[in-house]
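For ligands, and for the atoms within them, numbers begin at 1 and follow the listed sequence. Any value given below was found using the heavy atoms of this structure, including those in side chains, with hydrogens, waters and symmetry copies removed. Note that this is a predicted model, so its numbers are computed, not measured. One-based numbering along the sequence shown.
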Amino acid sequence: MPQKRRAFLKTTTLGLGALSAGTAYSCQGQNPPTNLVTKPIIISTWDHGMAANKVGLDILKNNGTALDAVEKGVIIVENDPKVQTVGLGGFPDREGVVTLDACIMKGDGQCGSVAFLRDIKNPIAVARKVMEETPHIMIVGAGAKQFALEMGFKEENLLTEPSRKKYEEWLKTGIYKPKINIENHDTISTLALDTHGHLAGACTTSGAAWKMHGRVGDSPLIAAGLFVDDEVGAAAATGLGEAVIRTAGSAMVVEAMRHGQSPEEACRSVCLRIKAKHKDISDLQVGFIALRKDGAYGAYSLQPGFTYALGLDDTHELYPATSMF
Ligand code: ASP
């Protein structure tokens, strides 16, 4: 487990400089001393989070905003046709249509979201436009596409040949049993803390493969797929969206941190709640990542197999999350 974060020492006090840079402290289950200050850090779900973090951390290290870092980071994954769970090349629904969901949120409560969006490969950028250019938070379906086109986004076919082939294979049986952690899910959620001390998060997905046409999961829902509050921290989810929505997952993780739980403890307590609400969780996967406002971070999932990527200092690492089973 990543226990190697270095202390972030206040260097602003007139020439005192760093007091003891390099001091180690555990990020999990421990409140760091109050003289620790923010330093850029970025955390993302799954292996493809590495690519997002690389772009995002560069932005953060140049004193860019957490908002830019998470948006530009996840766009890399949306644009990658090899990632079949996000953006271009995402698996379609059972009608063969790729529909995308995304939301973005800042620590001051500003947020934007799109759901059931077709033919536009960067839903996260559209969600940001909803936040910045409209009085609304969420726009869905044909309205979201119309808005995206008005904002200058390009219409394109998102169903790539490899995803179409998989869909055709699936059609042979047509059995829908959402199993996660395996190839047909894997939302990218990214959380960042910038040098200005602000948090932001982004969450973007093509949702569950072979879902019913019109199905929307947790990922574009503020409080379920993502929640960010500069006063406390940020959290985001991946896994079976229905289970996350049922528990207002990400908001609950942030609230658990508000009440003193460490990031990992907070993720775990919401996983426990999800477990309690489902009779059979043998095929159910949900994972959370969390980032506290002081830079402490954590992750937790129901089933093993959930990975998260961490970008900090000059390093990028991938870790397995602690899991319940
Ligand atoms: N949470 C997403 C959904 O249910 C999928 C995932 O994260 O794997 O749409």
| note | When Lys166, Arg164, Lys172, Lys165 are each screened for salt bridge (Lys or Arg N to Asp or Glu O under 4.0 Å) with Glu168, the one that passes is Arg164
| Nearest heavy-atom neighbours spanning Gln261 and Ser269 | OE1-OG, 3.0 Å
| Numbered atoms of ligand 1 (with element) below 4.0 Å of Thr238, judged on heavy atoms | 6 (C), 7 (O), 8 (O)
| query | For the residue pair Leu100 and Ile120, what are the closest heavy atoms and their distance? | reply | CD1-O, 3.3 Å
| request: Applying side-chain hydrogen bond (donor to acceptor under 3.5 Å, both in side chains) between Thr195 and each of Asn62, Asn63, Thr65, report the one that passes. | output: Asn63
| field | Geometric N/O contact Glu242 with ligand 1, under 3.5 angstrom | value | no
| field | The one among Asp186, Thr85, Thr187 that brings a heavy atom closest to atom 7 (O) of ligand 1 | value | Thr187
| said: Give the atom numbers and elements of ligand 1 that come within less than 4.0 Å of a heavy atom of Gly207. | reply: 9 (O)
| message | Going by the rule side-chain hydrogen bond (donor to acceptor under 3.5 Å, both in side chains), which residues pair with Ser323 if we only count those two or more places apart in sequence or in a different chain? | response | none
| Taking the non-hydrogen atoms of Gln285, is any one of them nearer than 4.0 angstrom to ligand 1? | no
| message | Once ring pair (Phe, Tyr, Trp, His ring centres under 6.0 Å) is applied, do any residues pair with Phe116, and if so which ones, sequence neighbours excluded? | response | His213
| said: Give the atom numbers and elements of ligand 1 that come within less than 4.0 Å of a heavy atom of Ser219. | reply: 1 (N), 2 (C)
| field | Test item: Ile274 and Phe288 side chains (from C-beta on) under 4.5 Å apart, heavy atoms | value | yes
| task | Please say whether Gly239 places an N or O atom under 3.5 Å from an N or O atom belonging to ligand 1. | result | yes
| note | For Asp218, the ligand 1 atoms with a heavy-atom partner under 4.0 Å come out as 1 (N), 2 (C), 3 (C), 4 (O)
| task | May I ask you to identify, for Ala208, whether its side chain, its backbone, both or neither come under 4.0 Å of ligand 1 on a heavy-atom basis? | result | backbone
| Gly241 N/O under 3.5 Å from ligand 1 N/O | yes
